Amino acid sequence: MESVVVWQTVALCGLLSWIGLASYINITHKLRSSLQPWVTRHVVTGAPLILRIQKYQNSFFDALFSGLSCIVSVPFYTAFLPLLFWSGHGKLARQMTLLMAFCDYLGNSIKDVISAPRPSCPPVRRITATKDEEENALEYGLPSSHTLNTVCLSGYLLYYILSYTENIHASYTFAGFALVCLLVGLIGLGRIYLGMHSPIDIISGLVFGLMILLFWSNVHEYVDSFITTGQNVIYFWGALSILLLFAYPTPEFPTPSFEFHTAFDGVAFGIVAGVQQTYHQFHHEAVACVFTPQLPISTFLGRMLVGLPTILIVKFCSKALAKWILPIVSNTLGMSIRSTSYIPMLNSSSTGKVDGCKQRGPLHKLFFSSQDSFDIDTGIRFVQYAGLAWSVVDLVPSLFAYLNL
């Protein structure tokens, strides 16, 4: 027990020390001044290749690559992963959720550290078929998150299947590997065709994705063992989640990347907290899987009909509860608060100063603006998505047990 407390304390103190050191020496600015000019040159020199690819523009390719971008986007995985939990593949679901959060944090951190532009539009033609794509276009370019996430998640899915399936034929292994490579290639090509990324963004996304996949394939068992049977898991992960909000780098200009990270940071905490509390009831290795006599497809469809509306209700309630409680707590502690979107009336006194607050150092990212006020949207977003994720692995499985689903 003591050794566990020691390494957890050392890890958190080490991260806290890094935050303080990075803020003191302004490491983000130093890295950006070194890397941004080099990346920007490659973005500019990659424009002719983008234009050559876009000469083949037609409605079929527009629909194909826009559709592929949607099925490997964060909203898609957000909808897909709960179904994976409820289908009985709990270990795979929690590993892919945490890997997604890890990819999101590292990918967006690199984006905001370098703050490299996307291809200039015009002359490049940019296609944003969905609201999600419009928000993605507001982020910086390098690396391509779609490429990085596709490499990591499809690669890990293949690795998991091959690792936990006995006597799998070599032809199936080759087919799975070829399918993953084809998907990654189409996603990379599609991001260039849509004008969302330069070739350097795709290459960096591929490289970083392979590095993350290699790292995760070596630590995933340790992570899963800690989550399911470890000590002080909820307290440790809660502290880690808060510190990761502090540790996020400040971009050159504001982007939605920090908001995306905050959401997935909350998701990871909610999943870890819920699984840790209910592992032996709902998430152990012997739980029934879909397409088996214990969990037929009709029962799984019933789970979807019950589960999806429930988690949406919990998301709404978590947000409303956070919007009510966090301002009260902040005022009780004597903290000045503001909101950029969730509570407009709190923003009335700081109109026109929203962007300035986001250019402060990492320690100001969560709590302070140019007027030393608390940006409460970060806390609301974190609580909202933590509640959503907790309901996926705790509340909804409890409803399934009550309804015999």
Side-chain angles (χ1 to χ4, degrees), residues 8 11-12 15 19 73-86 89-110 145 148-149 152-153 156-157 160 209 212-213 215-217 219-249 256-279 282-283 311 314-315 318-319 322 365-366 378-397:
Q8 291 177 349
L12 294 176
L15 180 56
I19 295 171
S73 63
V74 170
F76 172 80
Y77 289 120
T78 304
F80 169 73
L81 290 172
L83 303 184
L84 197 58
F85 275 106
W86 303 335
H89 299 90
K91 184 175 183 178
L92 175 61
R94 58 182 176 264
Q95 284 298 310
M96 291 192 70
T97 302
L98 295 179
L99 177 57
M100 184 71 199
F102 190 49
C103 291
D104 181 78
Y105 182 79
L106 289 182
N108 285 347
S109 293
I110 296 170
S145 297
L148 189 154
N149 293 341
C152 288
L153 295 175
Y156 181 77
L157 178 60
Y160 185 92
I212 294 172
L213 179 60
F215 170 78
W216 195 260
S217 63
V219 303
H220 69 116
E221 290 290 354
Y222 299 103
V223 173
D224 196 67
S225 177
F226 172 68
I227 292 171
T228 56
T229 61
Q231 298 172 328
N232 304 321
V233 175
I234 297 177
Y235 299 112
F236 172 77
W237 207 281
L240 177 64
S241 298
I242 299 301
L243 288 178
L244 287 178
L245 293 176
F246 290 158
Y248 191 87
S257 297
F258 179 65
E259 299 174 6
F260 298 156
H261 157 63
T262 302
F264 253 96
D265 196 20
V267 166
F269 176 67
I271 291 295
V272 169
V275 168
Q276 219 280 328
Q277 291 179 315
T278 63
Y279 174 72
F282 307 125
H283 305 288
I311 64 174
V314 170
K315 180 184 177 183
S318 298
K319 180 179 178 180
K365 178 70 69 173
L366 180 64
T378 299
I380 294 173
R381 188 173 291 108
F382 180 86
V383 172
Q384 174 186 2
Y385 282 91
L388 168 69
W390 167 81
S391 69
V392 169
V393 295
D394 192 332
L395 175 63
V396 171

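Keep in mind that the numbers below use all heavy atoms, side chains included, and drop hydrogens, waters and symmetry copies. Note that this is a predicted model, so its numbers are computed, not measured.
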Distance in Å, [X] [atom1] paired with [Y] [atom2], rounded so as to fall on 0.5 Å steps:
| X | Y | atom1 | atom2 | answer |
| --- | --- | --- | --- | --- |
| F260 | R381 | CZ | CZ | 9.0 Å |
| L81 | M96 | CG | CE | 6.0 Å |
| L153 | M100 | CG | CE | 6.0 Å |
| Y160 | L99 | OH | CG | 13.5 Å |
| I271 | T97 | CD1 | OG1 | 5.0 Å |
| Q8 | Y235 | CD | OH | 12.0 Å |

Atom pairs and distances, donor-acceptor, side-chain atoms in residues 389-397, under 3.5 Å, two or more places apart:
| unit_1 | atom_1 | unit_2 | atom_2 | d |
| --- | --- | --- | --- | --- |
| W390 | NE1 | D394 | OD2 | 3.0 |
| S391 | OG | L388 | O | 2.6 |

Ignoring hydrogens, what is the shortest heavy-atom contact between [X] and [Y]? Give both atom names and the distance.
| X | Y | result |
| --- | --- | --- |
| F258 | L245 | CE1-O, 3.7 Å |
| Q231 | F226 | O-CE1, 3.9 Å |
| W237 | I227 | CZ3-CG1, 4.4 Å |
| S241 | F269 | OG-CB, 3.7 Å |
| L148 | C103 | CD2-CB, 3.6 Å |
| L15 | L240 | CD2-CD1, 3.7 Å |

Side-chain donor or acceptor of Y248 paired with backbone N/O of T262 under 3.5 Å: no
Option from Y385, F382, Y105 for which ring-ring contact (aromatic ring centres under 6.0 Å, His included) with H261 holds: Y105
Centroid-centroid under 6.0 Å between Y156 and H220 rings: yes
Beyond-backbone contact of Y279 with R94, side-chain heavy atoms, under 4.5 angstrom: yes
All salt bridge (Lys or Arg N to Asp or Glu O under 4.0 Å) counterparts of K91, not counting sequence neighbours: E221
Pair S145-D104, side chain to side chain contact (heavy atoms under 4.5 Å, CB included): steps then yes or no: CA-CA 8 Å; S145 297; D104 181 78; over 6 Å; no
